[in-house]
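Let me begin by presenting the structure, written as structure tokens, before commenting on it.
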There are 2 protein chains.
Amino acid sequence: MATEVDTEITHLKNQLAQRHLKLTRQREIVLDAFLKNDHITAEALYQQIAKTNAHLGLATIYRTLNLLCELGIGQERHFGDNKTTFDNVLHKKHHDHLICYKCGKIVEFECSEIEKLQEEMADKHGFILQNHKLELYGYCKDIENCEKSITTPTPAVGVPTS
Amino acid sequence: MATEVDTEITHLKNQLAQRHLKLTRQREIVLDAFLKNDHITAEALYQQIAKTNAHLGLATIYRTLNLLCELGIGQERHFGDNKTTFDNVLHKKHHDHLICYKCGKIVEFECSEIEKLQEEMADKHGFILQNHKLELYGYCKDIENCEKSITTPTPAVGVPTS
DNA sequence: ATGATATTGATAATGAAAATCAAAGTCGAA
DNA sequence: TTCGACTTTGATTTTCATTATCAATATCAT
Ligand SMILES: [Mn+2]
Ligand SMILES: [Mn+2]
Ligand SMILES: [Zn+2]
Ligand SMILES: [Zn+2]
């Protein structure tokens with residue numbers, strides 16, 4: 001039976017064709033691996049792929065991830081740390097994030113009231129809103145996972161300010 | 001008469017003393033220059049200082065800016081570009097920002113309703129909110145300044161996603 | 001004034017991400 | 001199927017903002 005990934009591969013193939021780009025083995029592998037995650041960094045995906053497939057250059061991971069973003073399958077995010085996190089937004093509507101400083105858990109949420117107020121704020125100050133970035137940082141109450149997990153040697157600092 | 005800066009220099013001196021740090025000519029210069037701006041990058045401040053004062057090493061600018069952040073006089077921000085913007089928050093309450101993609105104008109705003117809803121969202125998902133990052137990107141209607149200004153060779157891209 | 005301690009500045013080091021470029025792969029046309 | 005124009009890959013170098021080094025210099029409590 002055609003799997004979810006098969007469908008996406010086909011879709012990717014079409015997207016690529018339109019742009020005179022080619023469907024390569026590497027792109028299939030990256031797409032496949034990327035879709036198995038919700039939020040992942042290029043480096044992490046590189047490691048993940050290295051475990052189960054033949055070697056793929058890190059440059060290719062970056063290039064393909066950027067390509068997926070152009071195709072609307074992924075979106076770049078910048079949570080606390082200094083490395084870009086790629087958000088798998090396939091079949092997802094707009095959402096913002098809650099990030100746990102301690103265990104790094106990321107929860108997606110959406111709040112139409114906030115979105116509406118953002119519009120109002122922009123309007124009030126004479127701006128035509130195009131985009132926004134909203135991230136909530138704190139500590140999750142996930143005893144099972146958070147408490148004993150990553151007792152952060154690197155505090156996974158997000159935004160120490162605000 | 002004692003100027004605003006004099007007051008701040010005195011305050012800085014006290015803050016430093018408590019931490020066994022010393023008040024240097026360089027720190028005075030950086031503080032003075034920093035307070036003349038609302039939002040500025042290390043590099044920009046470096047250039048600005050270079051025009052009116054004796055030379056100050058870029059490393060010193062960075063070190064002092066970080067120090068000011070520790071003292072609560074400044075806060076690091078990351079708007080679109082890849083360089084850190086230092087927010088002069090002296091005598092300012094919490095606020096978020098509206099950024100113009102075209103001319104780079106930055107407007108500060110605050111919305112208690114949004115802040116409240118953020119709390120609710122965090123709570124709803126089992127998070128203890130510690131911090132947040134909210135930035136609104138778009139285009140300002142400042143005909144005078146925006147329309148004819150920086151016809152961005154570098155589009156001052158912010159967050160192309162979300 | 002003096003010395004213990006902190007700071008500066010020139011420069012090297014970092015590290016994530018992008019740029020290079022020759023070798024290899026893809027795919028539409030023949 | 002074959003061919004070649006065009007794209008992609010991977011190894012490596014480059015970029016660029018920020019931090020780390022460290023010897024020389026400045027600060028300040030006593
Ligand atoms: Mn997400
Ligand atoms: Mn501000
Ligand atoms: Zn957690
Ligand atoms: Zn503008």
Side-chain angles (χ1 to χ4, degrees), chain A residues 9-10 12-31 33 40-47 49-50 53-71 74-86 154 156-157 160, chain B residues 9-10 12-31 33 40-47 49-50 53-71 74-86 154 156-157 159-161:
Chain A
I9 293 291
T10 300
L12 174 62
K13 191 166 187 173
N14 295 333
Q15 295 284 298
L16 293 173
Q18 286 179 43
R19 299 172 180 230
H20 304 292
L21 300 182
K22 297 167 182 177
L23 178 61
T24 64
R25 174 96 185 99
Q26 290 87 335
R27 282 175 175 165
E28 284 191 58
I29 293 174
V30 174
L31 173 63
I40 194 166
T41 63
E43 183 64 40
L45 193 61
Y46 174 68
Q47 303 291 353
I49 288 176
N53 296 78
H55 177 269
L56 278 208
L58 181 55
T60 299
I61 305 287
Y62 274 108
R63 281 185 294 235
T64 308
L65 246 14
N66 287 334
L67 175 62
L68 294 183
C69 285
E70 280 174 28
L71 299 182
Q75 282 183 355
E76 289 188 16
R77 303 286 185 188
H78 295 275
F79 302 142
D81 46 55
N82 56 323
K83 18 277 300 271
T84 299
T85 291
F86 290 84
T154 302
V157 178
Chain B
I9 293 292
T10 300
L12 174 62
K13 191 165 187 174
N14 295 332
Q15 295 283 297
L16 293 174
Q18 287 178 42
R19 298 173 181 230
H20 304 291
L21 300 182
K22 297 165 182 177
L23 179 62
T24 64
R25 173 96 184 98
Q26 289 85 338
R27 282 176 176 164
E28 283 190 59
I29 293 175
V30 174
L31 174 64
I40 194 166
T41 63
E43 183 65 38
L45 193 61
Y46 175 68
Q47 303 292 354
I49 289 176
N53 297 79
H55 177 268
L56 278 208
L58 182 54
T60 299
I61 304 286
Y62 273 107
R63 281 185 296 233
T64 308
L65 245 15
N66 287 335
L67 174 62
L68 295 183
C69 285
E70 281 173 27
L71 299 183
Q75 283 184 354
E76 288 188 17
R77 304 285 185 187
H78 294 275
F79 303 140
D81 46 54
N82 54 324
K83 27 259 309 266
T84 298
T85 291
F86 290 84
T154 302
V157 177
V159 180
T161 63

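Naming convention: chains lettered A, B, ... in sequence-line order (proteins, then strands); numbering from 1 in each chain.
- You'll find that the side chain of A:K83 is closest to C:dA17, out of D:dT27, D:dT18, C:dA17.
- B:T60 has a side-chain polar atom (N or O) that falls below the 4.0 Å cut-off from OP1 or OP2 of C:dG9.
- Every residue was checked against the salt bridge (Lys or Arg N to Asp or Glu O under 4.0 Å) condition with B:E43, not counting sequence neighbours, and none meets it.
- Nearest to the side-chain atoms of A:N82 among the listed nucleotides D:dG10, C:dA16, C:dC27 stands C:dA16.
- Between A:A59 and B:T41, the one whose closest nucleotide on DNA chain D sits nearer the 5' end is A:A59.
- Taking CZ of B:F86 as the reference point, atom CZ of B:R77 lies at 12.0 Å (rounded to 0.5 Å).
- Atom CD of B:Q18 is separated from atom C1' of D:dA29 by 16 Å (rounded to the nearest Å).
- We find that CD1 of B:I61 is positioned 13 Å from C1' of D:dT18, with the value rounded to whole Å.
- The closest donor-acceptor contact from the side chain of B:R27 to the backbone of B:K22 lies under 3.5 Å.
- In this structure, A:L71 CG and A:L12 CG are separated by 6.5 Å, a value rounded to the nearest 0.5 Å.
- Judged by distance alone with a 3.5 Å cut-off, a donor-acceptor contact links the side chain of A:K22 to the base of D:dC6.
- Here the side chain of B:R27 is nearest to one of D:dT8, D:dA17, C:dT8, namely C:dT8.
- Rounded to an integer number of Å, the gap from CD1 of B:I29 to P of C:dT7 is 16 Å.
- Computed from coordinates, the A:R19 CZ to D:dT8 P distance equals 11 Å when rounded to whole Å.
- Rounded to an integer number of Å, the gap from NE2 of A:H20 to P of C:dG28 is 11 Å.
- Rounded to the nearest 0.5 Å, atoms NE2 (A:H78) and CG (B:N82) are 9.5 Å apart.
- Between A:T84 and C:dA17 there is a side-chain N or O to OP1 or OP2 distance below 4.0 Å.
- With rounding to the nearest 0.5 angstrom, the CD1 atom of A:I29 is 11.5 Å from the NE2 atom of A:H55.
- B:L45 CG to B:I40 CD1: the interatomic distance, rounded to the nearest 0.5 Å, is 4.5 Å.
- For the pair B:D81 CG and D:dA17 P, the computed distance is 10 Å after rounding to whole Å.
- For the segment residues 62-71 of chain B, the set of residues with a heavy atom within less than 4.0 Å of an atom of DNA chain C comprises B:R63, in numerical order.
- Of the side-chain N and O atoms in A:T24, one or more sit less than 4.0 angstrom from OP1 or OP2 of D:dT9.
- D:dT18 atom P lies 14 Å from atom OH of B:Y46, rounded to whole Å.
- Between the OG1 atom of B:T10 and the CD atom of B:Q15 there is a distance of 12.0 Å, given to the nearest 0.5 Å.
- The side chain of B:Q26 contributes an N or O atom lying less than 4.0 Å from OP1 or OP2 of C:dG9.
- Remark: P of D:dA17 and CD of B:Q47 are 11 Å apart, rounded to the nearest angstrom.
- Residue contacts shown for A:L58 are absent, as no nucleic acid heavy atom lies under 4.0 Å away.
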